[in-house]
Colleague: 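Sending over a structure as C-alpha cells; questions will come in a sec.
The basis for the numbers below is simple: all heavy atoms, side chains too, and nothing from hydrogens, waters or symmetry mates. Each chain gets a letter, A, B and so on, in the order its sequence line appears, and its residues count up from 1.
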Amino acid sequence: MSPAEDGKHGLACPRCRSGTIEVLTNSPEENTDPDKYPAAFRLKPEDLAKFPLVPTIPPLRRS
Amino acid sequence: MRAFKNLREFLQLLDAEKQLLRISDEVNLEPDLAAAGRAITQLSETSPALHFDRIKGYDKAQVVLNVHGSWTNLALMLGVEKNASLREQFFEFVRRYEQFPGTIEHHDGAPWQDVVVDKDVNLFELMPVFRFNRGDGGFFIDKACIVSRDPDDWNNEDLETVGIYRLQVKGKNRLGIQPVPVHDIAIHLDHAEQLGQDLSIAIAVGNEPIIPVAASMSVSYGQSKYKMAAVLQGKPYPVVRTGKGLNVPWGSEYVLEGRILARQREPEGPFGEFPGQYSGGHRYPVIEIDRVSHCKDPIYEALYLGVPWTEMDYLCAVNTCAPLYVQLKKEFPEVVAVNAIFTLGFIVIVSTQRRYGGFAKAVGLRVMTTPHGLGYAKIVIVVDETVDPFDMKQVMWAVSTKVNPAGDVTILPNLCIDLLDPASEPAGISHRMIIDATTPVWPDRRGNFGQALDSPQQTDEWRKKLGAMLKELRT
C-alpha cells in the first residue's frame with residue numbers, strides 16, 4: 001500500500017519534507033503533518049549533510 | 001549469590017517478591033509503554049518491573065520494562081538481602097568483580113534457536129518496537145546486548161565485547177547504531193573498516209539480568225564481558241556460538257545476526273538520551289540484519305530513557321562505581337569508596353585517605369584517565385575517608401565546609417567527553433573540574449581545621465540501643 005493509498009499518511013516526510021517516503025509500520029501516535037511537526041526537530045536537506053560523522057572512517061590499509 | 005538462566009526465571013523471582021507488576025489491560029504501543037516506563041521510576045526507588053501482554057495490534061507480544069529499575073530489583077539480581085543499601089551492594093559487587101576472570105560455558109544449542117527467520121526479515125513485525133520520547137527520530141531498540149569481535153584477531157575470545165548501544169530501526173532489516181569512539185565496538189569497527197570489510201555482529205534482546213549489567217560496564221579493553229558476567233553471578237556464563245563465531249547468551253529471547261556495513265554512515269537520531277536531552281542527529285554506521293532467531297512467544301525487553309532517574313540510572317550505577325574503584329585502588333590503596341551513580345558518572349565522588357597535601361587532587365586526575373573516566377567524570381569531588389560518598393548529606397557537608405574555591409577547585413581545559421554531554425563544546429570536548437573537599441594535610445596548611453568535632457562519648461552505644469528500641473517500636 002502506498003502512503004497516499006492508505007489515506008492516513010501525507011505525501012512528504014514530516015521532518016524534512018522529502019517526497020521519497022515509504023510506510024514501514026503504523027503507530028497509534030503518528031505525526032505525519034510537516035506543519036505540525038515540532039520545530040526543534042524539523043530538518044532541511046542541507047542539515048543532513050552537516051550532521052557530525054561518527055566515528056570517523058579510517059584510511060584503508062595498504063595490502 | 002544467584003545465577004538466572006534466562007529473563008523468564010528472573011521475572012518469576014520478581015513476581016514472587018512482589019517486584020513485578022503485570023498490566024493486564026490492553027495498551028497501545030505508543031504512548032502507553034514509554035509513559036508507564038517513565039512513571040514507574042517517578043514513584044519510588046524500590047519500583048517493580050512491568051510486564052505487558054495485551055498490546056493492541058499484536059496477538060501474542062509481551063514486553064517487559066524496568067527490570068533493573070530499582071535498588072530492590074538489583075539486590076534480587078545479585079542474590080543479596082532485598083533491602084541491601086547501595087553501599088552494601090557496591091562492596092559486594094566489588095568483591096565479585098575482583099574475582100575476574102570467570103569462565104565461559106559453551107553450549108551447542110539454545111531456546112532462542114526455536115524460531116528462525118532468514119528471509120524477508122521485517123523487524124517491525126517480529127518485535128514490538130516503539131518510540132520512547134515524542135522527538136525520537138524513529139523506533140529504537142535500547143536494551144540489546146551487542147556482541148562484536150576484533151577482525152584482526154577474530155578467534156580471541158578476550159577481545160570479544162558485549163555492549164549496549166542504541167539501535168534505530170530504520171528499515172525492515174536495517175538499523176542505525178551509535179558506536180561512539182569511547183566504546184570498544186568502535187575499535188572493532190575501525191579495524192574492519194581499515195580492511196574494507198563489514199563487521200559481523202550479534203544482537204541479543206531480552207536477557208537474564210546480569211549480562212546487561214556487565215555489558216554496560218567500562219572494563220579494560222581485552223576483559224571479556226562474559227567472563228565478567230560469570231564472576232558477578234558466581235557461575236560460568238553460558239553461551240552459544242553463532243555461525244560467524246560470535247558468542248551469544250544462551251538465555252536470550254531474540255538474537256539478531258547481521259553486519260555493520262563497512263565505511264557507510266547515515267543520518268541517525270535524534271533520541272532522548274541519558275543526560276535528559278535529545279542527542280541531535282549524527283551520521284552513524286548502519287547494520288543490515290540477515291537473520292532473526294527467537295524463543296517461542298518471545299518477551300521483548302526495553303528500558304525507558306529520559307530525564308534522570310530512569311531505569312538506565314539504576315542499571316548503570318553500581319557497575320559504573322566498581323571498575324572505577326578497583327582501577328583507582330590499584331595505584332592509590334588509600335581510596336575507600338567511589339560513587340559514580342549520577343548520569344553515568346558525569347560526576348564522580350571519591351572518598352580517600354590523604355597521603356600528603358595535594359594527594360586528593362592527584363586521585364581526582366586519575367579518575368579522569370580510567371577507561372570510564374575518559375568519557376565521563378566531568379566533575380570529580382574528593383572527600384575524606386570518613387565521609388560516605390553514597391550519603392549526599394555528608395558529601396554536601398564536606399563540599400560546603402572543606403572547599404575554598406581559591407585553591408580547591410582545579411579546572412582542566414578542553415578534555416575529551418562523551419559527545420552526548422549537552423554542555424560540551426564542540427560536542428565531545430569539555431573542560432573538567434576537580435573539587436577537593438578533603439581536609440588539608442601537611443604540607444597543605446590552608447584553612448582552620450585544627451579543632452575538628454567528633455561525636456559525644458558513648459554515641460556508638462546509644463545508637464545501637466536506640467536502634468534496637470526503634471525497631472521494636474515499629475514492629
Colleague: List in chain and number order the residues that pass ring pair (Phe, Tyr, Trp, His ring centres under 6.0 Å) with Phe140(B), two or more places apart in sequence or in another chain; answer none if no residue qualifies.
Modeller: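 Listed in chain order: Phe271(B).
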
Colleague: Between chain A and each of Gly196(B), Ala262(B), Pro179(B), count heavy-atom pairs under 4.5 Å; write down the option with the most.
Modeller: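 That would be Pro179(B).
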
Colleague: Relative to chain B, which of Leu43(A), Leu53(A), Leu48(A) shows the most heavy atom pairs under 4.5 Å?
Modeller: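 Option with the top pair count is Leu53(A).
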
Colleague: For Pro285(B), is it the side chain, the backbone, both, or neither that has a heavy atom closer than 4.5 Å to a heavy atom of chain A?
Modeller: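 Both backbone and side chain.
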
Colleague: Sort Pro59(A) into side chain, backbone, both or neither according to what part of it lies under 4.5 angstrom from a heavy atom of chain B.
Modeller: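 Only the backbone of Pro59(A) comes within 4.5 Å of chain B.
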
Colleague: Non-hydrogen atoms of chain A under 4.5 Å away: do they reach the side chain of Leu123(B), the backbone, both or neither?
Modeller: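 Contact with chain A is absent: no heavy atom of Leu123(B) under 4.5 Å.
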
Colleague: Counting distance alone, with no hydrogens or angles, which donor-acceptor pairs between chain B and chain A are under 3.5 Å?
Modeller:
from	atom 1	to	atom 2	distance (Å)
Glu30(B)	OE1	Ser27(A)	OG	2.5
Arg131(B)	NH2	Ser27(A)	OG	3.4
Arg131(B)	NH2	Glu29(A)	O	2.8
Asp152(B)	OD1	Arg61(A)	NH1	3.0
Asp152(B)	OD1	Arg61(A)	NH2	3.4
Asp152(B)	OD2	Arg61(A)	NH2	2.7
Gln194(B)	O	Arg61(A)	N	2.8
Gln194(B)	OE1	Arg61(A)	NE	2.7
Gln194(B)	OE1	Arg61(A)	NH2	3.3
Arg263(B)	NH1	Pro58(A)	O	2.8
Arg263(B)	NH2	Pro58(A)	O	2.9
Arg265(B)	NE	Pro55(A)	O	2.9
Arg265(B)	NH2	Pro55(A)	O	2.9
Gly269(B)	O	Arg15(A)	NH1	3.4
Gly269(B)	O	Arg15(A)	NH2	3.1
Arg283(B)	N	Pro52(A)	O	2.8
Arg283(B)	O	Val54(A)	N	3.0
Arg283(B)	NE	Phe51(A)	O	2.9
Arg283(B)	NH2	Ala49(A)	O	3.4
Arg283(B)	NH2	Phe51(A)	O	3.0

Colleague: So which part of Ala40(A) gets closer than 4.5 Å to some heavy atom of chain B, the side chain, the backbone, both or neither?
Modeller: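 For Ala40(A), neither part sits under 4.5 Å from chain B.
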
Colleague: For residues 42-63 of chain A, pull every pair meeting ring-ring contact (aromatic ring centres under 6.0 Å, His included), keeping only residues two or more places apart or in separate chains.
Modeller: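 The answer is none; no pair qualifies.
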
Colleague: For Phe139(B), which atoms come within 4.5 Å of any heavy atom of chain A: side chain, backbone, both, or neither?
Modeller: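 For Phe139(B), side-chain heavy atoms alone lie under 4.5 Å from chain A.
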
Colleague: Looking only at non-hydrogen atoms, find the nearest pair between Gly171(B) and Leu24(A) and report the distance.
Modeller: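 Taking Gly171(B) first and Leu24(A) second, the nearest heavy atoms are CA-CD1, 4.2 Å.
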
Colleague: Among all residues two or more places apart in sequence or in another chain, which pass the ring pair (Phe, Tyr, Trp, His ring centres under 6.0 Å) test with Tyr304(B)?
Modeller: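 Partners of Tyr304(B) under the ring pair (Phe, Tyr, Trp, His ring centres under 6.0 Å) test: none.
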
